[in-house]
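Each remark here refers to the structure printed beneath this line.
First the proteins, then the strands, lettered A, B, ... as listed; each starts at 1. Computed from a predicted model, the values in this text were never measured in an experiment.
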Number of protein chains: 2
Amino acid sequence: MSLLTPIEAPPSLTEQAVAALRRDILSTRLAPGETISEAAAAQRLDMGKAPIRAALARLAEDGLVQAVPRRGWMVSLVTIRDIHEVFDLRLLLEPEAARRAAGRVDTTMLARLDAVCAEGYDCGDAESAMCYLDANKRFHVAIAELSGNNRLARQLDRMLDESTRMLVLGLRRRDRTMEMAHEHHELVERLALGQGEAAAALMHEQVAASREMVLAALTAPDAMTAV
Amino acid sequence: MSLLTPIEAPPSLTEQAVAALRRDILSTRLAPGETISEAAAAQRLDMGKAPIRAALARLAEDGLVQAVPRRGWMVSLVTIRDIHEVFDLRLLLEPEAARRAAGRVDTTMLARLDAVCAEGYDCGDAESAMCYLDANKRFHVAIAELSGNNRLARQLDRMLDESTRMLVLGLRRRDRTMEMAHEHHELVERLALGQGEAAAALMHEQVAASREMVLAALTAPDAMTAV
DNA sequence: TCCGGTCAGGTTGCGGGCAATCTAGGCCAA
DNA sequence: TTGGCCTAGATTGCCCGCAACCTGACCGGA
């Protein structure tokens, strides 16, 4: 119909369910270990079981929930081992993505990256840290997309959801959001200048710092973690 | 009940559907670009639409099919770009996996790897090449699992399905199955000896060789590829 | 011949219901 | 008190039906 609406698909109920459940899980409103009943979720989101089911299946692929045969669905636990696995993989993929993205940034994408950075700062302090973390994720995904390998970006996208949840768990104990933000601008600068090695090094440093923050926050006191 | 059946779950219909559809797609019995109707697949596999639907959703996550809004499901096309993306990512992940797996092989796993290698040789020539390619995939996944990072293994597992399909498309034109097989034993040897660098180098060489084979087979003549 | 409109067929998206089955808790016997 | 059994509840896995919607073909007119 309208030529001005090239893609104006009203998001399907499944998409809505995915978004809602992912948001609740990442924000730990649905805590690790908690069980989710299809019927309950369907009632809460005011839809049938079918979209809920599809949504949970997709989240299971991302590792955020897991199906327990006849017990329902459980929000995945976060173990120290999980943290190591996620950040090890990030350390393997993201510096390489940054290296390849260097010099490929066009002005459009550059503006987008900068906007994402700025967006991060705006948020206040308390629970709107979720806002920053979401922008942070989009920032990293955008760099991965710039690497030119869409599959790399996709795999990272999934893993960054897990990573975000870990950061949320970590930030609960010590809020260090602001310490992390100022690295983004320098990274964007290096990318724009085409300095691949420097960008990769910065990316490595940043991801490693995140890992240390999460580990420091979660290993010291009592553990929200479980087997 | 029985202590001898720790995990004797009769595979659910969904699992069966996933296995059957994946097999058909990897073997190109369902050709790239072909559309799959839920109803038709349900009738063919003698089950309802629900398991088919779940199975297709999972295969879509793996990139083997993609949902077209009201047209059904389409077996993903294979473009030259796809090939580059998959093998570039394999080249990034697999040598590192081999490096980390070195020295971690216990005798049990070693036997398993050897068995997988042998299995590859047994198959004849014609269409049972699928058998070899399946063993090849399990071989690579096993090494990734030995790296100690389960997420690395999972991500590789998904990508190797795509890779396998590309190899099938390539082998259709020139059968080079046998040329690739004898590299496995040396790789296992290096892994058992804990020579990480050598194992990584061998892995890199092997994956690169696969890529060249696929590209050589698919770029020269007419293209089964599409945009 | 060519073009625009209309209609029928086919497909998914989703809702609702049923049976199989697993778990938890109470109850009875020792 | 303690151990085992048994019932009741809850939950998924699956099937079936319906409406919305898109696609392609057919047909009438210019």
Side-chain angles (χ1 to χ4, degrees), chain A residues 1-22 24-25 30-31 33-61 64-77 226, chain B residues 1-22 24-25 30-31 33-61 64-77 226:
Chain A
M1 299 295 177
S2 166
L3 292 176
L4 294 178
T5 57
I7 306 173
E8 178 92 13
S12 68
L13 290 180
T14 299
E15 299 292 335
Q16 294 178 35
V18 169
L21 288 173
R22 170 150 46 200
D24 288 346
I25 292 174
L30 289 173
E34 200 165 337
T35 63
I36 304 176
S37 149
E38 290 181 3
Q43 188 171 9
R44 188 161 67 87
L45 298 181
D46 191 35
M47 55 182 75
K49 289 186 307 177
I52 298 292
R53 189 176 189 72
L56 285 171
R58 263 170 63 172
L59 293 175
E61 290 288 318
L64 292 180
V65 303
Q66 50 195 112
V68 188
R70 297 284 172 184
R71 294 273 306 167
W73 301 75
M74 184 184 74
V75 181
S76 298
L77 300 173
Chain B
M1 297 297 175
S2 165
L3 293 176
L4 295 178
T5 58
I7 305 172
E8 177 93 16
S12 68
L13 290 181
T14 299
E15 299 292 336
Q16 295 178 35
V18 168
L21 288 173
R22 170 150 44 202
D24 288 345
I25 291 174
L30 290 173
E34 197 164 340
T35 64
I36 304 175
S37 147
E38 291 181 1
Q43 188 171 9
R44 189 162 66 89
L45 297 181
D46 191 36
M47 55 181 75
K49 289 187 304 179
I52 298 291
R53 190 177 188 71
L56 286 172
R58 263 170 65 172
L59 293 175
E61 290 288 318
L64 292 180
V65 303
Q66 50 195 112
V68 189
R70 296 284 173 184
R71 294 274 307 170
W73 301 75
M74 185 184 75
V75 181
S76 299
L77 300 173

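Taking a 6.0 Å sphere around CD of Q43(B), one finds it holds 12 or fewer heavy atoms contributed by other residues, nucleotides or ligands.
How far CD1 of I52(A) is from CG of L45(A): 4.5 Å, rounded to the nearest 0.5 Å.
Between the side chain of Q16(B) and the backbone N or O of P11(B) there is at least one donor-acceptor pair closer than 3.5 Å.
Checking dC15(D), dG15(C), dG13(C) against every side-chain atom of M47(B), the shortest atom distance belongs to dC15(D). In the set dT12(C), dT12(D), dC15(D), dT12(D) carries the atom at the smallest distance from any side-chain atom of R53(A). Set against dT11(C), dG13(D), dT23(C), the side chain of S37(B) has dT11(C) as its closest nucleotide. Here dC14(D) is the nucleotide among dT23(C), dC14(C), dC14(D) with the atom lying nearest to any side-chain atom of T14(B). Of all nucleotides listed (dT23(D), dC14(D), dG17(D)), dT23(D) comes nearest to the side chain of R71(B).
Put simply, CG on D46(A) is 13 Å from C1' on dC14(C), counting in whole angstrom units. The CD atom of Q43(A) sits 12 Å away from the P atom of dG16(C) (whole-angstrom rounding). Between the CD atom of E34(A) and the P atom of dT11(D) there is a distance of 13 Å, rounded to whole Å. One can place CE of M74(A) at 22 Å from P of dA10(D), the figure rounded to the nearest angstrom. The CG-P distance, from L45(A) to dG15(C), rounds to 11 Å in whole Å. Put simply, CD on E38(A) is 17 Å from P on dC18(C), counting in whole angstrom units. The nearest whole Å value for the distance from the CH2 atom in W73(A) to the C1' atom in dC22(C) is 17 Å. Rounded to whole Å, the distance from CG on L56(B) to P on dT12(C) is 8 Å.
Side-chain contact check for D24(A) versus R44(A): some heavy-atom pair is nearer than 4.5 Å.
In plain terms, the two heavy atoms of M74(B) and G33(B) that are nearest each other are CG-O, 3.5 Å. Counting all heavy atoms, side chain and backbone alike, L59(B) lies closest to L21(B) at CD1-CB, 3.5 Å.
Backbone-only engagement by I36(B) is indicated by non-hydrogen atom pairs under 4.0 Å involving sugar-phosphate atoms exclusively.
An angle of 0°, rounded to 10°, separates the two end axes of the helix from dT1(C)-dA30(D) to dA30(C)-dT1(D), each defined over five pairs.
Salt bridge status for K49(B) with E38(B): absent, with no side-chain N to carboxylate O gap under 4.0 Å.
Where V68(B) and K49(A) meet DNA chain C, the nucleotide closest to each residue was compared, and V68(B) sits on the side nearer the 5' end.
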